[in-house]
Structures are given as C-alpha cells and as structure tokens.
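These figures come from a predicted structure and were not determined experimentally. In what follows, chains carry the letters A, B, and so on, assigned in the order in which the sequence lines appear, proteins first and then strands, with residues in each chain numbered from 1.
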2 protein chains.
Amino acid sequence: MDRRTEILQAAAKSFSLFGYKATTMDQVAKIANVGKGTIYTFFANKEELFNAIVVGMIEEMRTEAEAAAVPGAPFEENAHARLMSILKFRTTHQLYAKLIDEGKEIRTPAVQEVLADIEAQIVQFIAEKIEKGIMRGEVKPCNTDLVAYLLFKSYMALVVDWGKTHDRELAETEIIDLLSSTIFKSLLC
Amino acid sequence: MDRRTEILQAAAKSFSLFGYKATTMDQVAKIANVGKGTIYTFFANKEELFNAIVVGMIEEMRTEAEAAAVPGAPFEENAHARLMSILKFRTTHQLYAKLIDEGKEIRTPAVQEVLADIEAQIVQFIAEKIEKGIMRGEVKPCNTDLVAYLLFKSYMALVVDWGKTHDRELAETEIIDLLSSTIFKSLLC
DNA sequence: CGAATGACCGGAAATGAAAAACGGTCATTT
DNA sequence: AAATGACCGTTTTTCATTTCCGGTCATTCG
C-alpha cells in the first residue's frame, strides 16, 4: 500500500477513535509507520488531512443512502428510505458520531465547520432528489432548496430531537405516518 | 411596594442584564434594598427565585401570543401569527434572549433546563390550539402533540436556523407560502 | 417577639505562572 | 529525491493560591 493511503487509514482510525482535537500528527505518523514530516508531503496541514477523511466519509454516506432506495419505487418511499439511512449513518458511523459529540461538547471550530458543511451537502442531496422527482412528474414544482431544508429539519426533529425531550423514541411508522399525511401529501402530484 | 415584589423586580432586572450565572444574590439584595437573608424568607434558593421570574416571563409571552391572534380569523392565520409572535418574543425579550445566549455559550444547567421547559410549554400551547381547531371543525383530527412539535420545529428551522447557514433571512411571505402549501394545507379540513 | 440583616462558612470558581504538548519546519539521513 | 525526527514558537494543560458566591444563623432592629 502506498504511503498516502497508509496515512489516510491511520488518520481515519485516529479521528474516529479520539476525534479531531485529540488526534495528534505524531500519533497519525506512528500508526501509519511514517515520519511526521512525510504526512506534510501529502497534506498541507492537519485540517486538510481531516477534510480528506471527511470527503471519504461523505461518499460512503451517499453510497449507503443510494443503496437504501429502490429504483422505480415511489418518490415518498425512496425519500424516506434515503433520509432514514442518512440519519442512521449519522449515529452509527464511528467518525460521524464522534464529530457530532466533539462539535457539541468541545466545540472545536474545525469540526463545527465540517459538520455544517456535511449538513449543507445532505440538504443539497435531498434538493437534487426533489428536482428529479419534479422532472419525473412525481412531485409538484416547488422551491427545492426550501423544501429540502424543511424535510431534513423535520426528519432531524422527529428522529433525533424528539427522544431528547420525551421519554421514548418515535417509532418509524409514527414518523412516516405523520410526514406522509402532512409534508409528503402536499408535495406529491 | 412589598418586599417580595421589590426582590422580584430586582432579580428580573439583574437576570435580564447579566444572565443567571453572573447574577449574585448579593447584587439582587442590593438592587432590591434588602438584606440578603430577606430573599431567603421568600425564595428557597437562587434557582427558585429564577424560576419565579421565568414563570412571569412565560405568562407575558403567552399574553402577547394571544394578542397576535384575531378572534374569528382562520386557524392557519392565527397559528402563524401566534408562532411568529412567540419567535419574535424569543429574540426581542431581553431576559429570553440573554438566557438563550447563556444556555448556548456558558451552558449553565439551570438555564438549559428552564429553556427546555419553556419550549415544552410552547409546544403544549400549540397543541392546545390545534385541539381547539379540531373541535371547531377547522382542523383534521390528528396527533396534536406530534403535529404541534413538527410545526414548532418547522418555524424554528425557517425563522431561526435558516439565517445561520445562508446569507439572508427568509422573508415572512416565503415562510407562510411554504408552510401554507405543505403542512397547513394537509392539516386543514 | 418576630422579621430583617450581614458577617461568616465551606465549597466552587477564577487566576496566573510554570510545565507540557502540539502543529509545523527543515537540516540531516537514507 | 524522498523520508525523517529533533527542534521551534505557540498554545494548552496543570495546579497551587486566591477570590467569590450561595446559603446560614446569631444578632439586631422595629
């Protein structure tokens, strides 16, 4: 395996295990079995190394989200499946979960920026799917950015936030029932 | 004015100006022109004094929200007016704004608890209005708690959150247009 | 005599100086 | 030419000391 890949894997492991701030370049170098200076021949600095890792993670998440959709299935079904897949990834993926925690607890700026960027890309992803749905004639024309934002925030609220203020999580059927009878209902043709 | 009221006014002023943590009991006593011990004859401790102030604030907010509604006007119109009134209060009211900031920046536990409680009461308030709308035959029967939660979160997202990740605030017409054509549309009879 | 007070108490938080750790560089090695 | 790790300046952590604050209660006051 080439040195660049070794470094990327070492960094991914360390960021996942300890987060951004608690990962040191010395540590990455040691795990990757390279000298610290070698890292800087491939990545300008710690933040760029971090960004490279995150880009990979986003790709992974996108792939899983696409895999959750069934080609030819109705828009609502696939939208729901993809969003649930993304939100599951959010808490299941070790690095993503770690970053959310670090962003909230330690408030590392580099991490908060990355998290904001990931969310923006997720919303963008949803907006593209809505756009496709409109072109396919499944979805009514609308402001895709606004609707994508509302959809994402709604899923976040029901899947992630509800449990924090109530003593039980919402079942998936409750979520799909609610959204199906409200947002989706008026979204579809 | 009786001593209890003097203390309440002094505390309200200090909490509004400096927040919960930075307000000291000595300071409240001085502003109220009473000895520190006197405060403890009316309030068990600092947190109870704080809670008393917050209860008053919530009452204020409720009154303003009710005043924003027009008797006899359609559900959607009044729901929108009340929610916008509440969200305006959130950032306009000195104490509320201060508490939001303190909860986010200093993360004072007592403040975060109070903020969570206020939000729960707002959602409860909305749920009651939906319930009324259903009984009046204006709104379709639904899980009022769930719908109230979704509505509140949607308004928070569009009014409060949008501006943080985009370089312009949403106009009120954009918000009402979006929600009118999605959530409200499928909510009304 | 009962309500009011502020000096006082113990624990928590602020302070600041010294030490350790970190990201990034670059002269040296391989 | 590529790789390395000792080194540098800065930031962060540590920790002993001091200050501060919520709450109490013996004393004072009306």
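At least one side-chain heavy atom of B/Val28 sits under 4.5 Å from a side-chain heavy atom of B/Ile39.
Look at A/Lys36 and you won't find any side-chain N or O under 4.0 angstrom from OP1 or OP2 of C/dC26. Using a 4.0 Å cut-off, some side-chain N or O of B/Arg3 falls inside it from OP1 or OP2 of C/dT5. When the side-chain nitrogen and oxygen atoms of A/Thr38 are compared with OP1 and OP2 of D/dT4, one or more of them lie within a distance under 4.0 Å. Listed pair A/Lys21 / D/dT13 meets the phosphate criterion, a side-chain N or O lying under 4.0 Å from OP1 or OP2.
When distances are taken from the side chain of A/Asn45 to each of C/dG24, C/dG23, C/dA4, the shortest belongs to C/dG24. Among the nucleotides C/dG23, D/dT13, C/dT5, the one closest to any side-chain atom of A/Lys46 is C/dG23.
When rounded to the nearest whole Å, the span between CG of A/Asn33 and P of D/dA3 equals 14 Å. In this structure, the CZ atom of A/Arg4 is 17 Å from the C1' atom of D/dA2, given to the nearest Å. To the nearest angstrom, P of C/dT5 lies 11 Å from CD of B/Glu6. Distance OH (A/Tyr40) to C1' (D/dG5): 13 Å, rounded to an integer number of Å.
Closest of all the heavy-atom pairs between B/Ser14 and B/Thr23 is OG-OG1, 3.0 Å.
The pair A/Glu66-A/Lys129 meets the salt-bridge criterion, since a charged nitrogen lies less than 4.0 angstrom from a carboxylate oxygen. A salt bridge is absent between A/Lys98 and A/Asp101: the closest approach of a Lys/Arg side-chain nitrogen to an acidic carboxylate oxygen does not fall below 4.0 angstrom.
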